[in-house]
Asker: 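I'd like to ask some things about the structure below.
Since we're looking at a predicted model, the values are computed, not measured.
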Amino acid sequence: MQAKIIGIYDKLYRLYGPQGWWPLINLNSTNPHKTGAIRGYHPGNYSLPEERNDVYEVILGAILTQNTAWLQAKTALLNLNELNAIAPEKLLSLDDETLKLAIRCAGFLNQKAIYIKEISKFFIELNGRVPKRKELLNVKGVGNETADSILLYAYKQPQFVVDTYTKRIFSYLGLVGEDIKYMELKEFFESNLEKNIAVYNEYHALIVEHAKRYYNKKPYGVNDPLKKLLNQ
DNA sequence: AACCAGGACGTGA
DNA sequence: TCACGTCATGGT
């Protein structure tokens, strides 16, 4: 199984190349035509984010993109940027109506406005410290995937991120059961991969890119090149 | 015009 | 624990 997991990674990496997650709105993309991409992809650069407010921006994006296309989350981030609110203190100073207007394009505006303010308070309290996974899960609006996304992409911690695409692809390919739970699927990857930030970073991003091409409309998996790989 | 997007929470069984 | 309804806008 380990060989398959690594083989799939190698195949996806050869197909799509480094994805350079997480996008940051203030960077110019070096790959403007990537699926779902805006500005901010930085392929092969795993040192980002470095600035405090860039870390914060990744966290905001993780909340805003919950069950929402990244393009819409990005628009919300650009709106917040126009308000100079990609900084926790400034965001918390916004009144709720202004905040909701800025993020409404990302959907779930009422709850996401609450979640964003909650995580902003938490971020300030951290005072630069890297949060524990359990601490993040205690913040309202942060579930398993968002916690792992924040830890991996904002804080560069080795936490594998699982999402609905991951379950869809790997259960379709018969590598895991359809009813596998989040933590089980997370462990499935982490126990079979080297504990490497770049690998975790790219693997999740590559899965999303692959899913957008072959698993975003039914029937899933049509012409998926991974099927050939697994049949060899 | 249905379908779904880089999910999480609250509720009742 | 677990299945299920709810949250909401916008692109394809």
Side-chain angles (χ1 to χ4, degrees), chain A residues 12 16 18-25 29 31 34-42 49 57-80 96-97 99-119 122 133-154 159-172 177-186 189 200-222:
Chain A
L12 293 178
Y16 309 129
Q19 300 298 294
W21 277 34
W22 186 282
L24 291 168
I25 63 175
S29 175
N31 190 0
K34 209 185 82 57
T35 302
I38 53 166
R39 298 176 295 149
Y41 281 59
H42 41 86
E57 180 187 315
V58 174
I59 293 172
L60 288 184
I63 299 286
L64 288 168
T65 197
Q66 287 173 356
N67 201 41
T68 302
W70 174 252
L71 194 61
Q72 296 171 224
K74 175 213 70 174
T75 303
L77 284 175
L78 292 175
N79 290 341
L80 290 174
D96 289 340
E97 294 312 309
L99 175 57
K100 288 179 183 178
L101 183 60
I103 68 172
R104 82 182 287 279
C105 56
F108 306 104
L109 71 166
N110 293 308
Q111 45 185 28
K112 282 181 180 175
I114 297 172
Y115 297 169
I116 282 175
K117 289 205 167 181
E118 289 296 311
I119 197 72
F122 176 75
R133 194 171 189 278
K134 279 189 179 177
E135 293 180 295
L136 282 167
L137 291 174
N138 281 334
V139 179
K140 179 165 296 189
V142 178
N144 278 316
E145 185 186 340
T146 304
D148 287 330
S149 291
I150 289 172
L151 287 168
L152 179 61
Y153 291 111
Q159 298 286 339
F160 197 92
V161 180
V162 166
D163 68 343
T164 54
Y165 286 147
T166 313
K167 183 186 292 188
R168 187 179 298 169
I169 292 175
F170 282 76
S171 65
Y172 175 83
E178 291 184 359
D179 56 344
I180 192 169
K181 303 191 182 316
Y182 184 96
M183 293 305 289
E184 294 172 341
L185 190 51
K186 176 181 169 68
F189 286 97
Y200 282 24
N201 182 318
E202 295 291 358
Y203 208 155
H204 174 65
L206 287 165
I207 284 170
V208 173
E209 179 62 26
H210 188 65
K212 284 175 175 174
R213 296 171 186 245
Y214 298 100
Y215 290 85
N216 66 351
K217 58 179 183 294
K218 295 179 180 178
Y220 296 139
V222 177

Asker: If we take the P atom in both B:dC3 and C:dG5, what is their distance in whole Å?
Answerer: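 Each nucleotide's P atom is 16 Å from the other's.
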Asker: A:Ser149 near the nucleic acid: base, sugar-phosphate alone, or nothing, with a heavy-atom cut-off under 4.0 Å?
Answerer: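 No contact.
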Asker: Where each residue is assigned the nucleotide of DNA chain B containing its nearest heavy atom, which of A:Tyr220 and A:Val139 is assigned the position nearer the 5′ end?
Answerer: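 Here A:Tyr220 is the residue nearer the 5' end.
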Asker: OP1, OP2 of C:dC2 versus side-chain N and O of A:Lys181: anything below 4.0 Å?
Answerer: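 Result: yes.
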Asker: Base, sugar-phosphate or nothing for A:Phe108? Non-hydrogen atoms, less than 4.0 Å.
Answerer: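 Base, at least one base atom sits under 4.0 Å.
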Asker: Looking at every strand, decide which applies to A:Gly107 at a 4.0 Å heavy-atom threshold: base, sugar-phosphate, or nothing.
Answerer: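 Base contact.
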Asker: I want to verify a distance call: between C:dT9, B:dG7, B:dC4, whose nearest atom is closest to the A:Asn67 side chain?
Answerer: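 Nearest to the side chain of A:Asn67 among the choices is B:dG7.
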Asker: Between A:Thr146 and B:dA8, is there a contact of a side-chain N or O with OP1 or OP2 at under 4.0 Å?
Answerer: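 True: A:Thr146 side-chain N/O within range (under 4.0 Å) of B:dA8 OP1/OP2.
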Asker: Considering only atom P, compute the distance from C:dA8 to B:dT11 and round it to an integer number of Å.
Answerer: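 C:dA8 and B:dT11 have their P atoms separated by 16 Å.
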Asker: Just wondering, do A:Asn79 and A:Ile103 contact through their side chains at under 4.5 Å, heavy atoms?
Answerer: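 The answer is no, as the side chains (C-beta and beyond) never meet within the 4.5 Å cut-off.
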Asker: Nearest 0.5 Å please: distance from the CG atom of A:Leu99 over to the CD atom of A:Glu97.
Answerer: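 It comes to 9.5 Å.
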Asker: Flag the pair A:Tyr203 / A:Phe160 as yes when their ring centroid distance falls below 6.0 Å, and as no otherwise.
Answerer: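 Distance test on ring centres: under 6.0 Å, yes.
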Asker: Look at A:Thr164 and B:dG7 and indicate whether a side-chain polar atom (N or O) is within less than 4.0 Å of OP1 or OP2.
Answerer: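 Yes, because at least one side-chain N or O of A:Thr164 sits under 4.0 Å from OP1 or OP2 of B:dG7.
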Asker: Ignoring hydrogens and angles, state whether a donor on the side chain of A:Lys140 or A:Gln111 is under 3.5 Å from an acceptor on the partner side chain.
Answerer: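 No - no donor-acceptor pair under 3.5 Å links their side chains.
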Asker: Identify the pairs formed between an N or O of the protein and an N or O of nucleotides 10-12 of chain B at a distance under 3.5 Å, and give each distance.
Answerer:
unit_1: B:dG10; atom_1: OP1; unit_2: A:Lys140; atom_2: NZ; d: 3.3

Asker: With heavy atoms under 4.0 Å as the rule, sort A:Gln111 into base, sugar-phosphate or nothing.
Answerer: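 Answer is base: heavy atoms of A:Gln111 come under 4.0 Å of a base.
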Asker: Wobble G-U and Watson-Crick pairs count when both distances are under 3.5 Å; given that, what is the 5' to 3' dot-bracket string of DNA chain C, with | for pairing to other strands?
Answerer: |||||||.|||.
Asker: If you look at every strand shown and take non-hydrogen atoms under 4.0 Å, does A:Lys218 touch a base, only sugar-phosphate, or nothing?
Answerer: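 Since only primed, P, OP1 and OP2 atoms lie under 4.0 Å of A:Lys218, the category is sugar-phosphate.
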Asker: A:Tyr153 side chain to A:Asn201 main-chain N or O, any donor-acceptor pair under 3.5 Å?
Answerer: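 Checking the backbone N and O of A:Asn201 against the side chain of A:Tyr153, a donor-acceptor pair under 3.5 Å is found.
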Asker: Report the residue (A:Ala69 or A:Gly141) whose heavy-atom-nearest nucleotide on DNA chain B is the more 5′ of the two.
Answerer: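 Here A:Ala69 is the residue nearer the 5' end.
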Asker: Any side-chain N or O of A:Asn216 under 4.0 Å from OP1/OP2 of B:dA5?
Answerer: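 No.
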Asker: Is the phosphate of B:dC4, meaning OP1 or OP2, less than 4.0 Å from a side-chain N or O of A:Arg168?
Answerer: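 No, because none of the side-chain N or O atoms of A:Arg168 sits under 4.0 Å from OP1 or OP2 of B:dC4.
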Asker: NA contact type, A:Val161, heavy-atom cut-off 4.0 Å: base, sugar-phosphate, or nothing?
Answerer: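 Answer is nothing: A:Val161 stays at 4.0 Å or more from every strand.
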